[in-house]
Amino acid sequence: MANIEKLYAAAAPRERLSAEDPIRLTDRRTCRFSALFWSDMHLSDTFPGRCRALRICRQDIENAADPIDVLAFGGDLTDNGKRTERELLAKILNRLPNVEHILPAYGNHDIRFRRFSATVAGFDRLCAALEPGLSPHKLWYGYETRAASLLILGSDRTKFEESFLSEEQFTWLEHRLSAADAAGKPSFVLLHQPLQDTHNLPHAWDTPVPNAGSVGEQSERLRKLLQRHKNVFYVTGHLHRGFNVNTYEEVGSVHCVCLPSTGLVNKDSRYGEPGLTMLLEVYDDCVVFRARDSLHGRFVPEYEKTYGYN
Ligand SMILES: [Fe+2]
């Protein structure tokens, strides 16, 4: 633990973040559900800059003018799935104010070098630290409110860059999306990797290999499943691209949103610094995604998008 204290102290922000343009809901009176997304933090015991960026992003939450229901993630919380990295994240988010629930999600970097049983055990320990009572015993689980369904997906086996979803997970996803359809509420499906040929893939992965940078071999099956349901938002990370023309993409009826990196430098954008986040607001008749530069404590209205739903 002493090591964690040292890493944390070495990454202290140099000054307090301004609260001039704080996290504030567009309409707190009518907002039915809100979530802040962080993605691809890649916390590491060798790169203190990432920890510093997240400590500033924490200040952004501390400065919030409105409480937020959920802090959720696009995966790659850690660089290598190490215990030190998980404990550092738990320290950064310890006693976080202004957020009701913290819902962890893993990406390929969190799982790629480990036995799968060790990955799941570590994920459960992280869940217990961040969200008391949450103990999925796998990398996927759901979180339901009256206004929204959050379906956090995760690989069912060790993979290097892609995800592998089991039959059990596909069945569960179909069932939960049907339930959200019946309840008339939007679903937010979170998985680290985007669908194939979305968000400028495979170019955004800097390779000509067709399914590189995506879910992988199961991309088509997942796309078809998502398209069978109404008001589905597929929220991913993985690409480390800043806010740009490819952030939002429609794939048939599915609204795809690719989160930028919160811990690393982002490419393809004039918003290239770390600390990029997104705020989701759900209203009775629409869903709003709001781009935010949490490193400087301000919204980026140019990349805000509103979706009507029914
Ligand atoms: Fe990543």
Side-chain angles (χ1 to χ4, degrees), residues 11 36-54 56-57 71-82 84-86 88-89 92-93 103-114 119 122-123 126 130 139-140 152-155 157-165 189-196 198-207 209 211-216 219 234-244 246-247 249 256-269 271-278 291-295:
L36 185 68
F37 293 113
W38 289 8
S39 188
D40 294 271
M41 295 109 80
H42 289 263
L43 265 175
S44 156
D45 47 15
T46 47
F47 298 101
R50 301 173 190 179
C51 180
R52 183 174 294 115
L54 294 188
I56 296 170
C57 291
L71 175 63
F73 302 92
D76 281 3
L77 310 181
T78 67
D79 216 18
N80 289 300
K82 288 159 69 176
T84 320
E85 297 167 343
R86 289 196 307 271
L88 192 55
L89 178 62
I92 293 167
L93 295 177
L103 304 178
Y106 264 4
N108 63 306
H109 270 256
D110 303 298
I111 72 171
R112 61 186 186 163
F113 291 135
R114 242 139 273 279
T119 293
F123 186 68
L126 182 65
L130 297 179
L139 304 186
W140 45 276
I152 288 114
L153 309 188
S155 190
R157 62 170 69 146
T158 298
K159 298 283 280 181
F160 187 69
E161 273 187 353
E162 304 172 346
S163 276
F164 174 83
L165 312 186
V189 178
L190 275 83
L191 180 62
H192 183 58
Q193 294 92 347
L195 297 172
Q196 186 175 333
T198 63
H199 306 294
N200 203 30
L201 280 174
H203 305 292
W205 203 244
D206 298 320
T207 166
V209 177
N211 67 9
S214 78
V215 172
S219 178
Y234 183 60
V235 181
T236 61
H238 195 43
L239 305 184
H240 309 172
R241 307 282 152 162
F243 300 124
N244 65 40
N246 299 305
T247 297
E249 183 162 343
C256 297
V257 180
C258 192
L259 304 168
S261 173
T262 308
L264 302 181
V265 165
N266 284 282
K267 300 179 230 174
D268 293 350
S269 172
Y271 300 96
E273 289 188 271
L276 301 185
T277 61
M278 291 191 97
R292 185 159 177 88
D293 172 359
S294 288
L295 199 69

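Both ligands and their constituent atoms are indexed starting at 1 by order of listing.
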Hey, which protein N/O/S atoms does the Fe ion (ligand 1) have under 2.8 Å?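 Under 2.8 Å from the Fe ion (ligand 1) - ignoring waters, which are not counted - the protein N, O or S atoms are Asp40 OD1, His42 NE2, Asp76 OD2, His240 NE2.
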
Which one of His192, Gln193, His109 satisfies the side-chain hydrogen bond (donor to acceptor under 3.5 Å, both in side chains) criterion with His238?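 The side-chain hydrogen bond (donor to acceptor under 3.5 Å, both in side chains) with His238 is passed solely by His192 among His192, Gln193, His109.
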
Atom [atom1] in [X], atom [atom2] in [Y]: separation rounded to 0.5 Å?
X: Phe47; Y: Leu264; atom1: CZ; atom2: CG; value: 9.0 Å
X: Leu77; Y: Asp110; atom1: CG; atom2: CG; value: 4.5 Å
X: Ile56; Y: Thr262; atom1: CD1; atom2: OG1; value: 12.5 Å

Evaluate side-chain contact (heavy atoms from CB on, under 4.5 Å) for Tyr106 paired with Leu126, printing each intermediate quantity in order. CA-CA 11 Å; Tyr106 264 4; Leu126 182 65; 4.2 Å; yes

Tell me, with the steps shown, if Arg112 and Asn80 meet side-chain contact (heavy atoms from CB on, under 4.5 Å). CA-CA 8 Å; Arg112 61 186 186 163; Asn80 289 300; 3.9 Å; yes

